[in-house]
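Everything on this sheet refers to the single structure shown next.
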Amino acid sequence: MLRSKTCGELNKTDVSATVTLAGWVHRRRDHGSLIFLDVRDRYGITQCVVNATENERAHRTASDVRNEFVVQVKGIVRERPSGTVNKNLPTGEIEVVIGEIAILNESKTPPFYVNEDSEVDELLRMKFRYVDLRRPSRQRFIEVRHEFVKYLRDFFSARGFWEVETTQLIRSDPTGARDFIVPSRYFPGKFWALPQSPQQLKQILMVGGIDRYFQIARIFRDEDPRADRIYEATQLDVEMSFPERDDVMAIGEEAYTGALERFGRKPVWRKPWPRMKYDDVMDRYGSDRPDLRFDLPLVDVTDTFRGTKFQAFRAGVDAGAVKALLIKGQADVSRKGIDVMTELAKRRGGKGLVHIGLTAEGLRSPVAKFFSDDEQKDLVRRVGASLGDLILIVADAQAHTAARALGEVRDHLGTQLDLIDDTTYRCVWVTDFPVLDRTPEGGWTFAHNPFSGVLESDVHLLDTDPGAARSKQYDMVIDGREIGGGSIRIHKRALQEKIFALMGTPKEEAAQRFGALLDALEYGAPPHGGFATGIDRSVMLLTGTANIRDTIAFAKTQTGYDPLLDAPADVDPALLEQLRLRVLPPK
RNA sequence: GGUCCCGUGGUGCAGCGGCCUAGCAUACGUCCCUGUCAAGGACGAGAUCGCCGGUUCGAAUCCGGUCGGGACCGCCA
């Protein structure tokens with residue numbers, strides 16, 4: 001090695017040792033005949049010093065050095081003179097007296113600061129990723145991610161799980177997200193797809209008797225990237241044979257509790273994690289990924305308006321629900337604030353948002369005149385409102401639509417009114433999801449994943465009232481983010497085909513698209529189940545960043561462009577010819 | 001496909017019809033300086049204000065378009 005020590009490890013016990021360091025010039029402080037060089041590597045920063053009268057040659061080299069030059073410094077560790085100790089630096093009690101210094105490589109002036117944590121345009125950071133990655137704050141993300149993934153590997157290995165890699169070139173399936181596809185050379189005109197998840201493969205591994213499997217798996221989705229979504233995500237994928245639902249949840253919970261406590265920023269709120277049924281979280285929070293860092297529950301006021309003359313609530317009362325939200329002390333909310341919240345409610349399907357302020361003169365609202373005295377009194381009583389409070393109401397013929405619309409407003413208010421208590425990780429399991437959801441066209445689609453088993457008690461409902469049947473699905477939700485989910489799977493072909501049929505996929509089509517799995521279920525498939533979690537989102541949670549691109553080493557823009565590699569790019573026409581592909585001009 | 005925000009020396013920001021010959025901080029260059037650690041001091045270089053077009057006597061500033069980035073909706077589990 002070109003170094004004997006790193007820049008982060010020297011301290012008083014090393015005094016008078018001869019050491020060699022190699023790293024980047026973090027900062028140079030030139031006092032004329034005395035020059036300080038802060039040399040930085042992944043491990044830390046060490047101050048090196050050279051004095052012209054003692055070492056003219058080294059002093060001359062040190063004068064030529066600039067920020068981000070790569071240098072090798074050989075010298076003797078010395079305790080710093082009294083009064084010059086830097087308490088901000090782990091190595092601040094010592095310095096290296098430079099005997100020899102070599103410039104291993106020069107550097108252009110970097111396009112942005114490495115030695116301070118200023119905000120820099122993200123495009124520039126992506127283009128110069130190698131510079132950005134040098135910043136200690138960036139390296140922290142990479143380190144946490146590494147430690148987290150290593151921990152997961154150790155955790156599952158220690159519990160008998162084998163890490164199995166699954167093929168990355170699989171069959172495209174038109175459902176779900178848009179596939180990334182790869183042309184085949186031997187089969188011109190046919191394509192592989194990159195996996196959106198190893199779901200079918202891991203189930204097949206269970207049929208193969210692997211018993212316990214995990215993988216840190218790359219998954220690909222060609223949908224527009226967002227602050228918390230990227231083309232290539234990584235997931236922890238786990239599957240086990242012969243488990244009950246609690247066994248899988250317990251192991252996922254143990255893994256994540258351990259990870260949050262080791263690498264996270266704050267303690268875990270409650271152990272064991274609370275579990276909530278889908279219907280209950282929808283009812284109370286208007287979301288299937290409730291943010292429990294603040295309370296602000298939705299209140300059902302359907303009964304208050306049983307006999308109402310207010311037409312906008314009629315459908316909600318008759319078929320769905322009327323949901324309310326009490327916001328303390330916000331009776332004087334601005335028109336603009338109401339407009340913003342109304343927009344949010346409509347985005348989630350709400351027809352509108354009724355607001356009522358409790359003022360000294362009574363209820364202040366554009367629609368208060370439609371409410372009877374009894375309705376007004378009962379509303380105030382039910383939500384527990386007092387003078388100066390604001391009540392928000394959404395009614396809808398679909399109870400879940402009313403809840404979702406108001407739930408969106410609730411999430412908005414959490415940040416807007418600074419209600420969030422971010423001192424613990426609020427982990428919760430959401431269970432008992434419906435098997436099927438209504439499509440806008442009135443048909444059925446799977447609520448989560450078509451392979452999730454159906455609760456034994458609800459199997460009969462598939463024939464009579466499919467929408468009421470609940471699945472063995474469970475979701476891991478932390479601080480209002482869906483981190484992952486899983487289920488006990490269907491392990492018999494007949495039930496799997498029945499689910500597909502309900503979703504409008506006939507037997508023949510299912511056999512074509514999911515043939516391998518369906519066939520496997522006929523050859524002694526054991527009962528099995530598992531879960532998957534997003535590694536990238538988990539690292540966001542651990543580090544507290546709101547930007548998923550912070551959690552990966554190499555990032556792309558919102559259009560999927562890679563400024564570092566200048567990709568995507570044209571390919572050699574000869575390659576297209578081999579693949580029998582022709583590119584059409586852009587629209 | 002859509003909505004919103006942003007684009008000014010290397011970087012981060014200010015300026016938002018004439019006082020701009022575009023300001024500040026920092027980085028950069030030269031010189032001075034033996035105890036600094038965001039070192040200090042002096043001097044200096046560096047920008048046709050993303051691009052195209054329009055309005056105007058006059059545009060960084062107003063308008064339209066376009067490109068790029070970001071946040072969001074759609075999409076996505």
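- Among the atoms of the strands shown, none is found under 4.0 Å from any heavy atom of A:Val131.
- Looking at heavy-atom distances under 4.0 Å, A:Arg27 makes contact with sugar-phosphate atoms alone, never a base.
- Evaluation of atom-type donor-acceptor distances gives no pair under 3.5 Å for the side chain of A:Tyr561 against the base of B:rG69.
- Heavy-atom distances to RNA chain B give each of A:Glu408 and A:Met126 a nearest nucleotide, and the one nearer the 5′ end belongs to A:Met126.
- Under the Watson-Crick or G-U wobble criterion, with both distances below 3.5 Å, B:rU55 is left unpaired in every strand shown.
- Look at A:Thr109 and you won't find any side-chain N or O under 4.0 angstrom from OP1 or OP2 of B:rC28.
- Regarding A:Arg537, its CZ atom lies at a distance of 9 Å from the C1' atom of B:rC76, rounded to whole Å.
- Judged by the 6.0 Å distance and 45° axis criteria, A:Arg28 is not positioned over the aromatic ring of A:Phe69.
- When heavy atoms are screened at a 4.0 angstrom cut-off, A:Thr559 is found touching the sugar-phosphate backbone but no base atom.
- Residue whose closest nucleotide on RNA chain B sits further toward the 5' end, between A:Glu116 and A:Arg66: A:Glu116.
- By the 30° and 60° cut-offs, the orientation of the rings of A:Phe220 relative to A:Phe180 is perpendicular.
- You'll find a donor-acceptor pair under 3.5 Å spanning the side chain of A:Thr53 and the base of B:rU34, going by distance alone.
- Taking the centre of each ring, A:Phe514 and A:Phe500 come in below the 6.0 Å mark.
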